[in-house]
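All heavy atoms count here, side chains included; hydrogens, waters and symmetry mates do not.
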Amino acid sequence: MRALLAALSLLVPLLAVPHQAAHAAAEENLALGKPITASSHTHVYVAANANDGDVATYWESAGYPATLTAELGADVTLSSITLRLNPDPIWGRRTQTLAVQGRTQDGGDGGDYTTLVPEATYTFDPATGNSVTIPVTGRAADVRLRFTANTGAPGGQVAEFQIFGTPAPNPDLTITDLTYSPASPTETDEVTLSATVKNAGSEGAPATSVTFYAGDDRLGTAAVGALAAGASTTVSADIGAREAGTYRLSATVDEDGEIPEQDESDNTATATLTVRPAETADLVASPVSWTPGNPAAGETVTFTVAVKNQGTVASAGGSHGITLTVTDASGDVVRTLTGAVSGSIAPGATTSPVTLGTWTAANGKYTVRTVLAADDNELPVKRENNTSTLPLFVGRGANMPYDTYEAEDAVIGGGATRVGPSREIGTIAGEASGRRAVTLNQTGAYVEFTAKAPTNTLVTRFSIPDAPGGGGIDATLNVYVNGTFRKAIELTSRYAWLYGPESSPVNDPNAGPPRHIYDEAHVLLGETVPAGGKIRLQKDAANTSTYAIDFVDFEQVAPKENPDPAAYAVPAGSTHQDVQNALDKARMDPALTGVYLPAGDYQTDGKFQVYGKAIKVVGAGPWFTRFHAPADRRNTDVGFRVDGTAGGSSFSGFAYFGNYVERIDGPGKVFDLTDVANLTIDDVWVEHQVCMLWGTNVDDSTIRNARIRNVFADGLNLTNGSTGNRVTDIETRSTGDDSFALFSATDKNSGQQFGNVYENLTSLLTWRAAGLAVYGGYGNTFRNIYVADTLVYSGVTISSLDFGYPMHGFGADPPTTFDDISLVRAGGHFWGQQTFPAMWLFSSSKVFQGIRISDLDIVDPTYSGIMFQTGYQNPSTPLNPITDTVFTNVSISGAEKSGDAFDAKSGFGIWVNELPEPGQGPAVGSATFTNLRFSGNHEDIRNTTSTFTLTIN
């Protein structure tokens with residue numbers, strides 16, 4: 001029957017009758033085209049068919065009771081309701097039992113319906129037009145039919161639901177004008193907003209209020225008295241002085257204090273307010289710096305301050321006083337230093353740095369507070385910028401045997417130039433430590449360092465150009481000691497200069513823009529330079545390239561002797577086979593403890609095999625026992641492979657210099673370890689490899705006192721059930737993936753990953769991923785860690801992303817703990833348009849829980865301090881929430897607007913990411929902070945989500 005009715009509905013043009021045949025011409029069908037809903041429907045017979053003006057389409061419910069509701073949008077004085085079915089005789093006569101209900105607009109969306117016409121039975125007969133008219137009295141904005149029976153079908157049926165009556169007289173408040181005064185304010189002017197409110201309705205309006213906004217920020221409210229129909233009034237609110245910038249203002253008639261969803265509707269007006277910078281000087285201490293940047297206890301720390309005028313007029317002349325205090329954790333001042341700069345400072349200008357003095361560092365946490373004297377040309381509103389604070393930490397990070405000296409803090413001359421700061425990848429400053437460096441681009445240019453302690457070595461981080469077609473060039477740079485030429489240090493750009501896609505750059509200039517443009521070189525000076533001695537790098541006529549110098553290391557070294565000639569085999573020569581023969585001899589001779597590698601350059605073209613028993617491999621020290629991959633080849637897999645039968649072995653006192661020029665996943669690990677325990681790796685230096693160490697199911701081992709530099713992937717990664725390991729006193733520089741990683745994958749071992757301790761670690765200049773990355777596991781500890789100058793990624797990543805591998809998520813108990821961590825100038829942009837913070841918490845494919853972070857200090861992040869983000873299965877389905885995550889004693893300073901293409905994603909101390917990637921949604925979960933401190937951030941906390949809760953204690 002239903003199919004036949006549907007087919008006959010095609011005859012509607014012949015059967016339709018006028019909508020208002022039974023009503024006066026003055027009345028109109030108020031339900032036509034209005035929103036209409038039903039409690040149910042069957043097949044294609046949906047609610048919208050019941051008020052589309054077409055009797056050939058109809059609604060039918062799926063059983064009883066059933067409701068059909070028309071939403072009129074405003075209160076109506078009702079006169080009648082007409083219900084129509086298709087008048088074609090095929091429908092046949094039927095009766096329907098129903099009641100009429102309604103509710104007024106004042107009832108709101110949750111108001112109760114009242115009965116307007118009690119339940120009754122109505123006859124629908126095609127012979128009389130198949131329609132029923134029901135008289136109704138009363139007012140309603142929503143009119144509902146409630147069906148309980150139908151003799152002609154198993155559900156209620158309506159082809160046209162027509163409602164007749166007249167709109168009730170209502171007030172109609174509109175805002176006809178929004179203005180501000182003064183008309184062209186500066187940031188020192190007190191601003192007043194005014195709005196004109198008119199009642200355009202047909203009856204009086206009760207008292208209400210107007211709320212003023214700038215964007216989503218509520219500025220204030222103004223009371224509006226009762227308004228007669230047609231009356232107007234103007235109300236105002238004082239909003240005080242505003243920072244320079246452009247604001248989108250709005251004013252809305254608002255009784256509950258919330259912005260309506262449609263702020264362009266007639267009860268809202270908008271305007272644009274532009275606040276000009278005040279004509280004033282505005283002095284700030286920028287930069288405040290100290291050398292060394294990450295001091296150890298007992299070191300002499302030198303403080304320098306430059307003064308910048310970020311105002312619009314020059315400062316006054318004369319002396320501008322500077323006072324710097326160092327305050328310990330208890331609030332006591334341990335050092336006060338003073339100084340001054342002289343003369344007028346032009347708008348936008350920065351003075352030369354002024355050295356204020358020194359302080360002898362002691363382990364602990366400090367606050368450096370810098371106060372500039374008020375300037376006569378500085379308005380009072382700007383003088384709060386004269387004070388700045390920064391955290392200073394002593395003793396965080398690795399304890400290394402060398403001192404590092406930044407080139408930009410040294411003496412320069414002969415046309416040398418300081419460059420930076422910048423954070424642009426592929427540039428001299430952008431990829432430098434501290435984001436500053438010194439260039440030596442003309443003959444006679446030099447940078448000179450004063451040794452704080454005796455040294456007989458020099459390491460420099462440098463950049464020289466690539467060859468036009470790639471592959472690098474070789475060059476020399478002259479070294480002077482106390483003004484006398486000592487020797488030339490040999491440099492090459494063979495291992496630098498990658499190009500193209502950020503995730504997988506290659507050694508080919510045709511692939512795209514450059515990145516990874518620095519490398520390091522080292523030399524034994526041949527003499528001991530005493531403390532106070534001058535060591536200079538200088539471009540002379542014989543030095544044919546151009547040069548950028550980032551920093552140098554000075555270290556006093558001496559070779560270590562054979563610990564026991566009777567117990568250690570010694571290679572007969574320096575070839576790969578000579579060393580393997582010595583390892584085999586130590587394995588087979590029960591009287592031998594291990595192998596001693598005398599000072600020398602050892603050539604190796606493969607992996608040494610260590611198995612059968614625990615042995616000790618001891619070199620003369622990493623400056624003296626040096627393994628080299630073949631110089632005439634590239635990407636050679638060299639290092640040690642240690643079998644499980646050699647558990648308990650130890651390796652110390654040597655260096656590995658590889659020949660990798662780009663990343664190749666799989667080979668290239670100096671220590672490629674699987675299913676082995678109780679190893680010790682100590683005092684090892686690794687460069688130009690893919691990784692120093694990759695450990696699969698490695699247990700109860702110690703890796704310490706290592707220097708990992710210029711590798712193309714992770715510095716060190718423990719995975720697949722590795723437990724009970726200790727990683728300590730290691731510094732990485734310029735790793736091509738996470739410097740230190742723990743990944744609880746289960747693709748090769750299903751065991752849990754717990755009980756590992758990563759401590760006293762320094763990560764500098766990571767060029768592709770994070771300084772520290774932790775993926776899953778439980779009961780692991782990461783403490784006393786210093787990360788600085790990550791180029792594209794977070795300083796610390798805490799993530800439950802599985803990368804497509806089977807993996808354990810984070811366990812709840814014992815938790816994963818992070819203590820005493822400093823993140824300086826960390827973060828960047830990668831994977832296209834994603835920006836990364838100093839610390840990134842990413843809940844994704846596995847459970848995210850049991851995270852405890854304490855004594856975290858974030859300084860000058862590139863985009864944001866801490867970011868929470870959630871992975872999604874699709875745009876509407878989050879994978880896992882962030883849960884059971886607690887922060888204690890956190891400071892975040894200097895999260896400023898980046899001013900680059902990612903400016904809109906920058907300047908947040910804490911960012912709950914509302915839309916991390918196209919096709920995904922906002923962060924989901926919660927986190928708790930206790931003792932959270934902010935300083936100098938554009939916006940301390942950004943959380944516009946309804947899916948993530950921040951609890952700040």
If every non-hydrogen atom of Asp189 is compared with every non-hydrogen atom of Ser184, which pair is closest and at what distance?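 Closest heavy-atom pair between Asp189 and Ser184: OD2-O, 4.5 Å.
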
Heavy atoms only: give me the nearest Lys34-Leu72 pair and the separation to one decimal. NZ-O, 3.3 Å

Any chance the side chains of [X] and [Y] put a donor and an acceptor closer than 3.5 Å?
X: Thr176; Y: Thr174; answer: no
X: Thr270; Y: Ser250; answer: no
X: Ser845; Y: Asp802; answer: yes
X: Ser843; Y: Ser800; answer: no
X: Thr123; Y: Asp125; answer: no
X: Thr252; Y: Thr268; answer: yes
X: Asn150; Y: Gln157; answer: yes
X: Thr816; Y: Arg852; answer: no
X: Thr888; Y: Asn931; answer: no
X: Thr148; Y: Glu119; answer: yes
X: Asp54; Y: Thr57; answer: no

When rounded to the nearest 0.5 angstrom, what is the spacing between CG in Asn943 and CD1 in Ile910?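 One gets 9.5 Å once the value is rounded to the nearest 0.5 Å.
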
Counting distance only, does the side-chain N/O of Thr188 pair as donor-acceptor with the main-chain N or O of Thr186 below 3.5 Å?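 Such a contact is absent between Thr188 side chain and Thr186 backbone.
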
Is the ring centre of Phe810 less than 6.0 Å from the ring centre of Tyr778? no

Taking side-chain hydrogen bond (donor to acceptor under 3.5 Å, both in side chains) as the definition, give me every residue that meets it alongside Thr114, ordered by chain and number, with sequence neighbours left out. none

When you measure from the centre of the six-membered ring of Tyr113, is the NZ or CZ of Arg144 under 6.0 Å away and within 45° of the axis? yes

Between Thr69 and Thr67, does the side chain to side chain donor-acceptor pair (under 3.5 Å) criterion hold? Intermediate values first, please. CA-CA 6 Å; Thr69 306; Thr67 61; 4.6 Å; no

